[in-house]
**Student:** 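This is the structure, below, for whatever I ask next.
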Amino acid sequence: MVVAKQSPYEEFRLRRLEENKKRMEALNLPNLCQTLRLTSVKTSPMKKSNLAREKQLVVVRRSSRISNASSSSPVYKEVVVQRVHLPRRVSKGRDLSNRVYVSEEIREEAFSKAEKLQADLRNRFPSFVKSMLQSHVSGGFWLGLPVHFCRSELQKQDGVITLIDEEGEEFEIVYLAKRTGLSGGWLGFAVSHNLVYGDALVFELVRPTVFKVYITRVKSSGESLKM
């Protein structure tokens with residue numbers, strides 16, 4: 001029986017296959033593949049989590065010298081991963097206990113009295129009348145001023161404006177030029193003077209950043225309804 005002689009290429013291919021097989025056995029690759037296959041079948045550790053923490057399997061890092069050894073295989077360690085819980089926002093409701101409701105007629109009456117008071121000032125200084133809304137005196141504590149007055153009479157940049165009441169007491173209020181209104185400090189003024197819905201105020205600009213303020217109050221009779 002004549003055995004066909006193998007070609008040089010076939011001999012080279014078989015020799016490389018043998019060398020690769022020996023290298024795989026030296027690196028323990030068959031066992032490694034089997035270990036990974038068994039690990040992937042197990043239930044994901046993510047499913048064992050709770051609201052505060054969860055467990056995960058991670059591969060322990062090993063030196064290249066040890067990992068290249070023939071007996072090396074991946075070593076898994078169970079670690080606890082803490083979840084970060086952000087506090088939920090709790091919105092503050094507005095304090096509506098001091099809200100007073102009056103009829104439109106009573107509100108207009110207070111406004112008319114304020115206009116009469118303004119006329120009595122005989123245009124000594126620039127002035128305007130402002131009727132108080134709920135947002136001005138209970139909750140928001142922000143007072144928007146007439147835009148045309150702010151653009152013609154007040155400063156063009158943010159600053160501090162002083163309000164002087166009829167008793168001569170002074171209150172410093174933050175003025176926001178772009179929003180044409182009074183912000184920080186207005187709360188203190190409104191609370192100190194027990195301002196309610198419907199009150200009408202006369203603002204007289206006695207100096208570039210100083211207002212004299214006159215208050216005309218709505219009737220405190222049974223026609224007003226307090227919440």
Side-chain angles (χ1 to χ4, degrees), residues 88-227:
R88 301 181 67 179
R89 284 187 175 181
V90 180
S91 59
K92 276 191 174 182
R94 292 182 175 180
D95 181 9
L96 306 180
S97 60
N98 63 334
R99 283 201 166 185
V100 174
Y101 295 88
V102 296
S103 67
E104 193 65 24
E105 181 181 355
I106 295 177
R107 184 167 175 260
E108 290 178 357
E109 182 180 346
F111 191 83
S112 297
K113 288 181 179 180
E115 287 183 320
K116 185 178 183 303
L117 191 155
Q118 181 188 28
D120 291 340
L121 297 176
R122 301 182 184 278
N123 295 324
R124 296 177 303 181
F125 301 100
S127 62
F128 64 88
V129 178
K130 186 71 177 180
S131 181
M132 296 294 99
L133 301 177
Q134 297 291 7
S135 59
H136 300 152
V137 297
S138 60
F141 293 105
W142 154 267
L143 182 67
L145 306 181
V147 176
H148 64 86
F149 186 93
C150 294
R151 290 178 178 174
S152 62
E153 305 293 343
L154 299 182
Q155 57 196 19
K156 307 303 180 184
Q157 64 276 353
D158 297 346
V160 175
I161 285 181
T162 302
L163 303 184
I164 304 177
D165 63 16
E166 295 170 84
E167 302 298 326
E169 188 174 358
E170 298 183 357
F171 296 79
E172 291 188 339
I173 316 294
V174 174
Y175 171 67
L176 302 180
K178 290 185 178 180
R179 297 186 62 185
T180 62
L182 302 180
S183 181
W186 171 251
L187 166 61
F189 183 89
V191 172
S192 296
H193 295 83
N194 297 314
L195 296 181
V196 297
Y197 173 73
D199 286 346
L201 278 59
V202 179
F203 289 81
E204 184 184 26
L205 188 63
V206 295
R207 290 197 293 276
T209 59
V210 179
F211 278 107
K212 179 74 175 178
V213 182
Y214 306 88
I215 302 174
T216 301
R217 301 187 182 277
V218 294
K219 290 182 179 179
S220 57
S221 64
E223 292 179 279
S224 64
L225 174 62
K226 187 167 184 179
M227 190 174 179

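Values in this document were obtained by computation on a predicted structure and should not be read as measured data.
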**Student:** Rounded to the nearest 0.5 Å, what separation is found between the CZ atom of Phe189 and the NE2 atom of His136?
**Tutor:**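 These two atoms lie 13.5 Å from each other.
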**Student:** Which salt bridge (Lys or Arg N to Asp or Glu O under 4.0 Å) pairs, counting each pair once, include a residue from residues 123-149, with sequence neighbours left out?
**Tutor:**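 Pairs touching residues 123-149 that pass the test: Arg124-Glu204.
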**Student:** Please lay out, stage by stage, how Phe211 and Phe128 fare under the test side-chain contact (heavy atoms from CB on, under 4.5 Å).
**Tutor:** CA-CA 10 Å; Phe211 278 107; Phe128 64 88; 3.9 Å; yes
**Student:** Do the non-hydrogen side-chain atoms of Trp142 and Ser135 ever get within less than 4.5 Å of each other?
**Tutor:**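 Not touching, per the 4.5 Å side-chain cut-off.
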**Student:** Checking Glu167 now: which residues fulfil side chain to side chain contact (heavy atoms under 4.5 Å, CB included) with it, not counting sequence neighbours?
**Tutor:**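 Side chain to side chain contact (heavy atoms under 4.5 Å, CB included) check on Glu167 returns Asp165.
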**Student:** What are the two closest non-hydrogen atoms of Leu163 and Phe203, and how far apart are they?
**Tutor:**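 Nearest pair, atom of Leu163 first, then Phe203: CD2-CE2, 4.2 Å.
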**Student:** Decide yes or no for Val196 and Arg217: does some side-chain heavy atom of the first lie under 4.5 Å from some side-chain heavy atom of the second?
**Tutor:**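 They are not in contact (no side-chain heavy atoms under 4.5 Å apart), so the answer is no.
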**Student:** Just grab all the salt bridge (Lys or Arg N to Asp or Glu O under 4.0 Å) pairs involving residues 133-145, residues at least two apart or on different chains.
**Tutor:**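 The answer is none; no pair qualifies.
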**Student:** Which pairs pass side-chain hydrogen bond (donor to acceptor under 3.5 Å, both in side chains) with one or both residues in residues 151-161, sequence neighbours excluded?
**Tutor:**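 Qualifying pairs, neighbours excluded: none.
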**Student:** Can you tell me how far apart CD1 (Ile215) and NE2 (His193) are? Round to the nearest 0.5 Å.
**Tutor:**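 Separation between the atoms: 5.0 Å.
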**Student:** For Gly198 and Ala110, which heavy atoms make the closest approach, and how far apart are they?
**Tutor:**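 Closest approach of Gly198 to Ala110: O-CB, 3.6 Å.
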**Student:** State, with a plain yes or no, whether a side-chain heavy atom of Tyr197 is found less than 4.5 Å away from one of Leu133.
**Tutor:**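 Result yes, sub-4.5 Å side-chain heavy-atom pair found.
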**Student:** Cut-off 3.5 Å, no hydrogens considered: what does the side-chain donor-acceptor table look like for residues 170-182, sequence neighbours left out?
**Tutor:**
none

**Student:** Who are the side chain to side chain donor-acceptor pair (under 3.5 Å) partners of Ser131, not counting sequence neighbours?
**Tutor:**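 In terms of side chain to side chain donor-acceptor pair (under 3.5 Å), with neighbours along the sequence ignored, Ser131 is linked to Arg107.
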**Student:** Between Leu143 and Met132, does a side-chain contact (heavy atoms from CB on, under 4.5 Å) hold up when you go through it step by step?
**Tutor:** CA-CA 9 Å; Leu143 182 67; Met132 296 294 99; 3.8 Å; yes
**Student:** Of all residues at least two apart in sequence or in a different chain, which pass the side chain to side chain contact (heavy atoms under 4.5 Å, CB included) check with Ala190?
**Tutor:**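 For Ala190 the side chain to side chain contact (heavy atoms under 4.5 Å, CB included) partners, ignoring immediate neighbours, are Phe141, Trp186, Leu195.
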**Student:** Check Ala114 against Val129 and note the closest heavy-atom contact, atom names and distance.
**Tutor:**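 Closest pair (atom of Ala114, atom of Val129, distance): CB-CG1, 3.7 Å.
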**Student:** What's the separation between atom CD in Glu104 and atom CD in Glu109, rounded to the nearest 0.5 Å?
**Tutor:**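 Here the rounded value is 12.5 Å.
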**Student:** Mind checking the CG-CG spacing from Leu205 to Leu154? Nearest 0.5 Å is all I need.
**Tutor:**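 Here the interatomic distance stands at 6.0 Å.
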**Student:** Quick one: which residue pairs count as a side-chain hydrogen bond (donor to acceptor under 3.5 Å, both in side chains) with a foot in residues 111-123, not counting sequence neighbours?
**Tutor:**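 The answer is Gln118-Ser127.
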**Student:** Determine the minimum heavy-atom distance between Val218 and Asp199, stating which atoms define it.
**Tutor:**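 For Val218 versus Asp199, the nearest heavy atoms are N-OD1, 2.9 Å.
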